[in-house]
Amino acid sequence: MLKVTIDNIPIDVEDGTTILQAARMIGGKVVPPAMCYYSKLKGSGGKCRTCLVKVAQSSAKDPRPIPKLVASCSTPVQDGMVVQNLTSPEVVEARKAIVEFLLLNHPLDCPVCDQAGECDLQDLSFGYGMEETETVEERREFPATDIGDKIKLHMNRCILCYRCVYAADQITGKRVHGVLYRGDVSEIGTLIKQAVDNDFSGNMIDVCPVGALTDKTFRFKSRVWFLKPMNAHRDCPACAGKVTAWLFGEEIYRVTGRKDQYGELEDFICNECRFEKKDPGDWIIEGPRHIKRQSVISANHYERMKKQSIILPIAGKMEDQF
Amino acid sequence: MGGKILLANIDVPGIRGFDVYRETGGYKSVEKALKEMTPAMVNTEVTKSGLRGRGGAGFPTGLKWSFLDRKTDRPRYLVCNADESEPGTFKDRYLMQHLPHLLIEGLIISSYALGVNTCYIYIRGEFKYLVGILEHAILEARDHGFLGERILGTDYSLKIFVHPGAGAYICGEETALLESLEGKRGNPRIKPPFPAFKGLYGCPTVVNNVETLAAVGPIIVMGGEEYAKFGKGKSTGTKLISACGNINKPGVYEIEMGLPVEDFIYGAAYCGGIKGDKYLKAVIPGGSSVPILPADLMLSTAKGERRLMTYESLADGDFATGTMLGSGGFIVFDEDACIVRNTWNLAHFYRHESCGQCSPCREGTGWMEKVLFRIEHGQGKLSDIDLLVRISKNIEGNTICPLGDAAAWPVASAIRHFRREFEFHVEHPEAVKHINHGALPVSALP
């Protein structure tokens, strides 16, 4: 067991644990946000740089600090490591900068985006971003495309986290989309339009942290916070069949996988469950799904949204909003 | 200061061919190393020589080799980084074009020292004409028993492959290079693990620059201690400098470390002074990524000492008043050069070459280029200058690989030392149009 201290909270973790995983074991305010890391997708992480933390002491043997900020999702802990997340002003500044970079070319079309309300980028910019933006530069633009008969790609909103690429690599038989070109013109794309066609492709929608990949069967049907998320299951031959059904009245508007508090799926589900089974008779409804995050989804139905002070340095700012 | 090691025989006619190269003393080091020395002894000689990586970072080569995981039963690889794409740097190309056997000699000894049986030369896509030269040299070496199975009758076998890239600057970063060599998209890997443990195909790998590996042969012939007598302090040996810009004699020069910068710029044996007898304005001494320095700080340090061509002297004063030796791409600007235009040009390069994997670099390089374009074309605001400083600060240190730093440093240093010129561009857009003759007119703005 290795002993690591994150924001003055000590914890013992096993060898090979990353800083982010250790922080998640502690939970709460010390967990750095992650836009590209996905614990269930091997190789993901390290790209978005939102999880940067300061290592004030590398290990018990070598008490020197690491000069640069490190990506907590891909840096394994060492015995005696001391990590600063929100207690380091440097980290707070860097995170602000990363949010600014991520939003630089983001269209901010939240009012017409299906992801609004359950978008990691919204949460991130609300929690860590600057209050004003000063960019006058034109944002890069791509036309919205169909990359499969069920999935719409809005490349404008993409933050190039590569999660959908890893998802397609690891849970579908063959990946037919990927990152084309490079630098700030790189884009997610397929060689042939409509090419994404396999039984588990719908999970790409769930792993997408923003509104770049959206469910065509649900597009513009409703805002997510008007829906009631319900745990439901069915006997599915292809997947575990455990889903969250999003109801409006008695009608199922959409079906997604069950996401945990970090927005990660508990089980990947098949396309039949996701896109075809929209009749309440198809499902055994277990009960309301508790959306634990500081999400607006929780506000309407089950849990009253409390004053959240999830982020220390700007807690004042957040409280003013409510 | 006449010591030449790598380029000592460059003027011998036919030196590119095996026979002439052998007559001038080539491949002696291979005979010496394989027959008289153990791999550990070769390592010791290289460590003693104080040789430092010539690709830009200046990391001690012996130390880098000592990190290689030798306990594993997996194969080990040596990769020669010939993806020389830094603007202003063209020393490796010159070396490979004229002395391919010197590189191969260095590769054989280095591979022997590291216990490597397969070695790759990853060469930049634009250097396609060099692939033939190198492959021809490899065949010649093989035909004379210096490569292949049981080299010179010993138990040691080595294969060298030449792999051309597709022409991406990012593939000069060692982990992106390994990805590209494996046939994947050239995105840098997240470190750790470092290539010394998990490199090419998941096996322990050493990646070295062409010039570094080429220096190993002469080190073995003369001995590490003898090599360390060249140079000054911790900057031992000689360094190839590719000089370009507004000078009388652009080209590749081999200098002994410790040569004063002034002598290098004005000396008849080297750059030969500024073209047209103009004044020196600024120098980028180590390839486009390193900070630019104005003439006064380039010729003497902030403390008033003479600036020398060594890793330490050039870095004296850190980034506030110093720079880096980098890869030795020595770019000289005369009094008429426009720093803003040059900075914009570099920003454009880094924007184009960013791999787009991590957000600060992908978005930041593009942003800096757009702002610099505005300033250069008379549409800037004074606040844009501070904005540039802020963007460069936000990129620096927050990226996966050093390309982010390389993009941020030139912009930050240009503003640090030539802020007045940026302000002039903002305040006098019409005048700037006339200064930058041949530049895109303001009316051509989108």
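By convention in this document, chain letters (A, B, ...) are assigned in the order of the sequence lines, proteins followed by strands, and residues within each chain are numbered from 1. Worth saying up front: this structure is predicted, and the values here are computed from it rather than measured.
One N or O on the side chain of B:Arg362 and one on the backbone of A:Ile159 form a donor-acceptor pair closer than 3.5 Å. Checking side-chain atoms of B:Ser359 against main-chain N and O of A:Cys48 turns up a donor-acceptor pair under 3.5 Å. The main-chain N or O of A:Glu138 is found under 3.5 Å from a side-chain atom of B:Lys370 such that the two form a donor-acceptor pair.
With chain A as partner, the option from B:Ile190, B:Ile395, B:Thr365 having the largest number of non-hydrogen pairs under 4.5 angstrom is B:Ile190.
In this structure, chain A has heavy atoms under 4.5 Å from both the backbone and the side chain of B:Ile391. Interface residue A:Tyr181: only backbone heavy atoms are found under 4.5 Å from chain B. Only the side chain of A:Pro76 has a heavy atom closer than 4.5 Å to any heavy atom of chain B. Only the side chain of A:Leu104 has a heavy atom closer than 4.5 Å to any heavy atom of chain B. Only the side chain of A:Ile98 comes within less than 4.5 Å of a heavy atom in chain B; its backbone stays farther off. Heavy atoms of A:Val185 lying under 4.5 Å from chain B are absent altogether. Heavy atoms of B:Thr399 lying under 4.5 Å from chain A belong exclusively to its backbone. Only the backbone of A:Leu180 comes within contact range of chain B, judged by heavy atoms closer than 4.5 Å.
Salt bridge status for A:Arg182 with B:Glu353: present, with a side-chain N to carboxylate O gap under 4.0 Å. The pair B:Arg390-A:Glu100 meets the salt-bridge criterion, since a charged nitrogen lies less than 4.0 angstrom from a carboxylate oxygen. Using a cut-off of 4.0 Å between Lys/Arg side-chain N and Asp/Glu carboxylate O, B:Glu363 and A:Arg140 are scored as salt-bridged.
The number of heavy atoms from other shown groups lying within 6.0 Å of NE2 (B:His348) does not exceed 12.
Atom-to-atom distance recorded for A:Lys47:NZ and B:Cys361:SG is 13.5 Å, nearest 0.5 angstrom. Of the inter-residue distances, the one linking B:Asn398 atom CG with A:Lys68 atom NZ reads 9.0 Å to the nearest 0.5 angstrom. Rounding to the nearest 0.5 angstrom, the gap separating the NZ atom in B:Lys191 from the OG atom in A:Ser74 is 11.5 Å.
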Could you check B:Arg374 against A:Val136 for side chain to side chain contact (heavy atoms under 4.5 Å, CB included), going step by step and ending with a plain yes or no? CA-CA 11 Å; B:Arg374 274 212 311 270; A:Val136 293; 3.3 Å; yes

From CA spacing to verdict: side chain to side chain contact (heavy atoms under 4.5 Å, CB included), B:Glu369, A:Asp184: CA-CA 11 Å; B:Glu369 197 257 349; A:Asp184 64 351; over 6 Å; no

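Residues from residues 177-189 of chain B that place a non-hydrogen atom less than 4.5 Å from a non-hydrogen atom of chain A comprise B:Arg185, B:Asn187, given in numerical order. Interface residues of residues 401-413 of chain B toward chain A, defined by a heavy-atom distance below 4.5 Å and sorted by number: B:Asp405.
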